[in-house]
Amino acid sequence: DHMSTDHHLVFKCCTRDFLFTCVNLLSFLLDIGLDIWAAVSLYKQKAYVYFSLLLLFLLASSMLVQVYSWLWYRYDDFKMKTKIEKKPSQCQLKLLHVFQLGIFFRLFHDDICAFIEPQRADAESVAKFLRQDLRILRFIETFSEKSTFVLTLTLALSSVLKAIGSTLSIASFLTTYDHSMRTFLPEKEKHHMISLVFYFIWNLVLISSRIAAIALFASVLPCFIFAHFICSWLVLFFFAWRSKTNFMEDPRGEWLYRTTVGLIWYFNWFSVAKGMRIRSVLYHAYILIDICILCGLWCWKMSTDPSDFVTHPLTTAACVVAVYVLGLLFKVIYYTFFHPNLDKDKLKGATITEEQPEDEERPLKATDNKRMRKLAENFFSQKHGLFTGRHDTGVWENTGIYCFVVSLCK
């Protein structure tokens, strides 16, 4: 009967979600393994200063994620969604975050909540809701942990493997992140696998070019890579501040978020607020110029101090710049043919109806996650005329120039 079937509900996971989880897990484990290898290599080479800095950066990355996790629990007034979340007291939960275990606690109860509470009709939705926060935290961790990448660039063999691992890790996780935001789209707007492939490709190509330029520069001028990182971050942090983001729920949390955005933009672009089109064009121009400067300095250094490993430095540098331009073209293709542009009112899970009392229980939906929805609003924002500021763009919309500019503005 109906009651008996309710008690035998099982958690369903589609093949695509399972594939994303496996790929993301493998890239995560690969990245951890390369970090350990880099640390061991530094220690064996008796580079204790770099070894200490590497551990410090890794710890700082972990602490950053724990702070976000704790703030989000506080923003939600510590209202727990599962039985496992309700087990630790508020003090115990704080201790978990102090000992860098907060994100692992989230990962633990996210993975098994649907299995230990099968009687819940909304078990699958609860698991997806929790996974939204977890993926945002992993998004932050992925880019903040990449700041340690600049330390390993001074190691010949390790830097090559770390560069490949970092590039694959970022590109694969960005694809998973995009897939999570598509939860908020109407069914008819959800994409097919080919759009995921294009999204992965253009992110992979852009990030590959960026990391390759940084690696080339660090190979000849390792002492200046930190100066480049800090100066670039200051510029990007200024633009994040001027973007007037509103992701967090208190001023201090928002300043932390803007600091993190500057760190993420050092590697790749993502929309953090509405009206980011012009800033996006400026960002891509800035990164392209920066890549040209880094590759130019590498060529100059190679010409004054030739290496046996590189016989055509100018060709190598030109290829790195060309790869970034190619990534922009792939991005144009994706946003022209595969990316949905919707007004925020057309996204799922806008708000909880005002008529519903606050203390009334209702099934939890994956689209109730307000943090992921804010990011989805920025990502799927309805495109407007670049020159008129209106959706009715007239003849501009039918030109290749317009499509190219709008695609870059995402």
Side-chain angles (χ1 to χ4, degrees), residues 12-31 110 124 127-129 131-143 146 164-211 264 267-271 280 284 323-324 326-342 346-349 366-367 369 372-383 403-404 406-410:
K12 297 178 181 179
C13 181
C14 69
T15 304
R16 183 183 298 175
D17 287 337
F18 178 75
L19 179 63
F20 278 131
T21 301
C22 291
V23 172
N24 196 34
L25 179 61
L26 288 174
S27 63
F28 176 65
L29 294 176
L30 174 64
D31 219 26
D110 167 49
E124 184 175 355
K128 290 182 177 180
F129 177 94
R131 198 171 296 126
Q132 303 278 13
D133 276 343
L134 188 61
R135 282 179 175 169
I136 300 176
L137 291 172
R138 283 284 294 116
F139 177 81
I140 295 170
E141 183 186 39
T142 298
F143 283 96
K146 293 302 166 286
I164 296 173
S166 297
T167 303
L168 291 175
S169 176
I170 295 175
S172 62
F173 189 79
L174 282 174
T175 307
T176 307
Y177 173 75
D178 169 72
H179 181 64
S180 297
M181 287 192 291
R182 300 224 171 212
T183 305
F184 296 87
L185 293 176
E187 289 298 327
K188 64 178 181 179
E189 297 288 348
K190 292 188 176 180
H191 57 182
H192 300 290
M193 186 59 69
I194 188 172
S195 61
L196 284 175
V197 172
F198 265 97
Y199 189 84
F200 175 80
I201 289 175
W202 72 257
N203 275 290
L204 180 65
V205 174
L206 288 179
I207 296 168
S208 297
S209 177
R210 177 63 173 165
I211 291 182
I264 294 172
F267 297 98
N268 197 41
W269 168 263
F270 84 110
S271 297
S280 178
H284 283 296
V323 166
Y324 191 82
L326 180 64
L328 293 179
L329 293 177
F330 276 119
K331 187 175 182 180
V332 169
I333 295 174
Y334 171 80
Y335 278 104
T336 302
F337 298 104
F338 302 109
H339 186 78
N341 293 281
L342 297 174
K346 296 181 181 179
L347 297 176
K348 291 182 180 179
T367 53
N369 191 304
M372 184 62 84
R373 193 180 192 282
K374 283 183 181 179
L375 297 176
E377 288 178 8
N378 298 329
F379 190 66
F380 299 116
S381 59
Q382 182 76 43
K383 63 182 180 183
C403 292
F404 181 80
V406 167
S407 299
L408 290 183
C409 288
K410 290 296 182 178

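Since we're looking at a predicted model, the values are computed, not measured.
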Exercise. Working to the nearest 0.5 Å, report the span between CD1 of I194 and CZ of F337.
Key: 11.0 Å
Exercise. In plain terms, say whether E141 and R138 are close enough for a salt bridge, that is, a side-chain N and a carboxylate O under 4.0 Å apart.
Key: yes
Quiz item: What's the spacing between M372 CE and R135 CZ if we round to 0.5 Å?
Solution: 7.5 Å
Practice problem: Working to the nearest 0.5 Å, report the span between CG of N203 and CG of N268. | Solution: 5.0 Å
Exercise. Nearest 0.5 Å please: distance from the CD1 atom of I207 over to the CZ atom of F143.
Key: 5.5 Å
Quiz item: In terms of the angle between their ring planes, are Y334 and W202 parallel, tilted or perpendicular, with boundaries placed at 30° and 60°?
Solution: tilted
Quiz prompt | Spacing of CG belonging to L196 relative to CZ belonging to F338, to within rounding of 0.5 Å | solution = 10.5 Å
Quiz item: For the atom pair CG (L206) and CG (L174), what is the distance rounded to the nearest 0.5 Å?
Solution: 10.5 Å
Self-check item: N378: partners by side-chain contact (heavy atoms from CB on, under 4.5 Å), with sequence neighbours left out
Solution: S271, K274
Exercise. Sequence neighbours left out, what passes ring-ring contact (aromatic ring centres under 6.0 Å, His included) with Y324? Give chain and number order.
Key: none
Self-check item: Sub-6.0 Å ring centroid separation between F139 and F270
Solution: yes
Practice problem: Kindly write out the residues that satisfy side-chain contact (heavy atoms from CB on, under 4.5 Å) with I201, not counting sequence neighbours, or none if the list is empty. | Solution: V197, V205, F330
